Amino acid sequence: MSDVLEFAGVSVIRGGKALLDGVDWQVREGQRWVVMGPNGAGKTTLLQIASGRMHPTRGTAGILDEVLGAVDVFELRPRIGLASAALANQIPEDETVLNVVLTASYGMTGRWREKYEKMDERRAFRLLDAWGVSTLMNRRFSSLSEGERKRVQIARALMTDPELLLLDEPAAGLDLAGREDLLQRLGQLARDEDAPAMVLVTHHLEEVPPGFTHALLLREGGVVAAGPIDEVFTEENLSNAFDLPLSLRRDAGRYAAVAAARS
Ligand SMILES: Nc1ncnc2c1ncn2[C@@H]1O[C@H](COP(=O)(O)OP(=O)(O)O)[C@@H](O)[C@H]1O
Ligand SMILES: [Mg+2]
């Protein structure tokens, strides 16, 4: 079985503070992971490493059977699809929706003089269509609603047919209908056997799409629990990660948590 991610003792130290602290984590083909933890727990930092955009201060990060530090990250990055707020912020004001998806083939965020094949354009269109936003292809990305933008970003992340898909808080800022629509689409992708391995970051249990198989709980850069989702999402583990007694509900593959009633 090949390894998608193999982190051993991964630490990231900045200004004397451990943003990640000795993280051991394995992601295998076909798995769909949720990474959860409170604000500042190190989730985005973890994805920065998983996407080959940051190196650990200590420890080793294996990505798609390569080791970070011993591989050309520019060869590695097209094999990984990433959707994050930081990446979206790099998209130029006047970029069209079609170009936002198309430029992913070159690992760029703004179209310059590259020539794209008809085949690339067809693929970009098909992805926009699959995510329900193909009618917007000639609109400026900056003119879209938050929900539309999120779907365009996921289409972009899938453009290179990646082996690993990383989504950093894909449902952040969406209204209820937008969130539910996105989670349903992500749930379909999660159940698709041909879809890449997936890692989705969130700090809301309600934003976990159905069909996700594994979970990693982070607190202050350290792993609280990791493994099959039903073993990790327990009241004890979640209360520990969020430092608050929580009461957990699970219904039809979806989760919800509220503060436990004080006795
Ligand atoms: N370059 C940096 N230098 C110092 N602290 C940082 C740096 N980048 C992030 N942090 C801090 O590290 C912690 C973890 O950040 P992050 O990975 O973004 O957390 P999360 O995505 O879980 O909210 C936060 O407290 C953040 O303020
Ligand atoms: Mg974050």
Side-chain angles (χ1 to χ4, degrees), residues 5-27 32-63 68-69 73 77 80-91 109 146-147 149-154 156-157 164-174 178-179 182-183 186 197-209 212 214-227 229 232-233 237-244 246 255 257:
L5 294 173
E6 179 90 56
F7 285 14
V10 166
S11 297
V12 173
I13 319 282
R14 293 284 184 276
K17 187 186 166 212
L19 314 189
L20 290 176
D21 191 5
V23 171
D24 296 321
W25 184 32
Q26 288 89 37
V27 173
R32 283 89 176 84
W33 282 76
V34 179
V35 173
M36 172 120 59
N39 282 323
K43 305 180 297 294
T44 294
T45 307
L46 193 75
L47 282 203
Q48 287 287 101
I49 295 193
S51 62
R53 282 167 174 76
M54 188 192 281
H55 288 280
T57 313
R58 284 199 294 271
T60 56
I63 305 175
L68 208 54
V73 288
R77 283 183 197 163
I80 303 164
L82 172 68
S84 71
L87 199 64
N89 286 340
Q90 288 174 23
I91 295 169
T109 43
E146 196 53 36
R149 277 185 211 213
K150 286 293 196 303
R151 288 189 260 156
V152 171
Q153 286 174 68
I154 296 171
R156 173 188 160 90
L164 171 61
L165 178 65
L166 304 172
L167 305 172
D168 197 349
E169 304 206 21
L174 300 186
R179 180 188 84 182
L182 188 76
L183 291 186
L186 288 172
M198 295 167 69
V199 178
L200 179 147
V201 163
T202 176
H203 49 240
H204 290 303
L205 215 51
E206 292 75 5
E207 291 179 359
V208 175
F212 273 61
H214 289 71
L216 173 77
L217 276 180
L218 278 180
R219 176 183 171 175
E220 292 173 2
V223 176
V224 172
I229 198 161
V232 170
F233 283 170
N237 285 339
L238 288 161
S239 302
N240 189 355
F242 287 91
D243 198 20
L244 175 76
L246 292 171
Y255 298 85

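Remember, it's 1-based here, ligands and their atoms both numbered in the order they're listed. Note that these values count all heavy atoms, side chains included, but never hydrogens, waters or copies made by symmetry. Treat the numbers as computed from the prediction; the structure is a model and nothing was measured.
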Any N or O on [X] sitting closer than 3.5 Å to an N or O of ligand 1?
| X | value |
| --- | --- |
| K43 | yes |
| L19 | no |
| N39 | no |

(request) Please confirm whether A41 comes under 4.0 Å of ligand 1, counting heavy atoms of the residue only. (result) yes
Looking at [atom], what's its closest protein heavy atom, distance included?
| atom | result |
| --- | --- |
| atom 15 (O) of ligand 1 | T45 OG1, 3.9 Å |
| atom 19 (O) of ligand 1 | G42 N, 3.3 Å |
| atom 4 (C) of ligand 1 | R14 CB, 3.7 Å |
| atom 14 (C) of ligand 1 | G40 O, 3.3 Å |
| atom 18 (O) of ligand 1 | T44 CB, 3.6 Å |

Hey, are the side chains of [X] and [Y] touching, using non-hydrogen atoms and a 4.5 Å cut-off?
| X | Y | result |
| --- | --- | --- |
| W25 | V223 | no |
| L47 | V35 | no |
| I63 | L5 | yes |
| K43 | E169 | yes |
| L182 | I154 | yes |

(message) Testing L68, I49, D24, V27 one by one against F7 for a side-chain contact (heavy atoms from CB on, under 4.5 Å), which residue passes?
(response) I49
(message) Give the atom numbers and elements of ligand 1 that come within less than 4.0 Å of a heavy atom of K17.
(response) 12 (O), 13 (C), 24 (C), 25 (O)
(message) With a 3.5 Å distance limit and no angle check, can you tell me whether K150 reaches the backbone of A172 through a side-chain donor-acceptor pair?
(response) yes
(request) Verify, without hydrogens or angle tests, whether N237 (side chain) and V232 (backbone) share a donor-acceptor contact under 3.5 angstrom. (result) yes
(request) Would you mind telling me if ligand 1 is within reach of the side chain of Q48, the backbone, both or neither, using heavy atoms under 4.0 Å? (result) neither
(request) Kindly state if atom 24 (C) of ligand 1 has a protein heavy atom within a strict 4.0 Å cut-off, that is, under 4.0 Å? (result) yes
(request) Would you verify that at least one protein heavy atom lies under 4.0 Å from atom 27 (O) of ligand 1, or report that none does? (result) no
(request) Verify the distance test for T44 against the Mg ion (ligand 2): any N/O/S atom under 2.8 Å, yes or no. (result) yes
(request) Would you please test L87 and R156 for side chain to side chain contact (heavy atoms under 4.5 Å, CB included) and show each step? (result) CA-CA 11 Å; L87 199 64; R156 173 188 160 90; 4.2 Å; yes
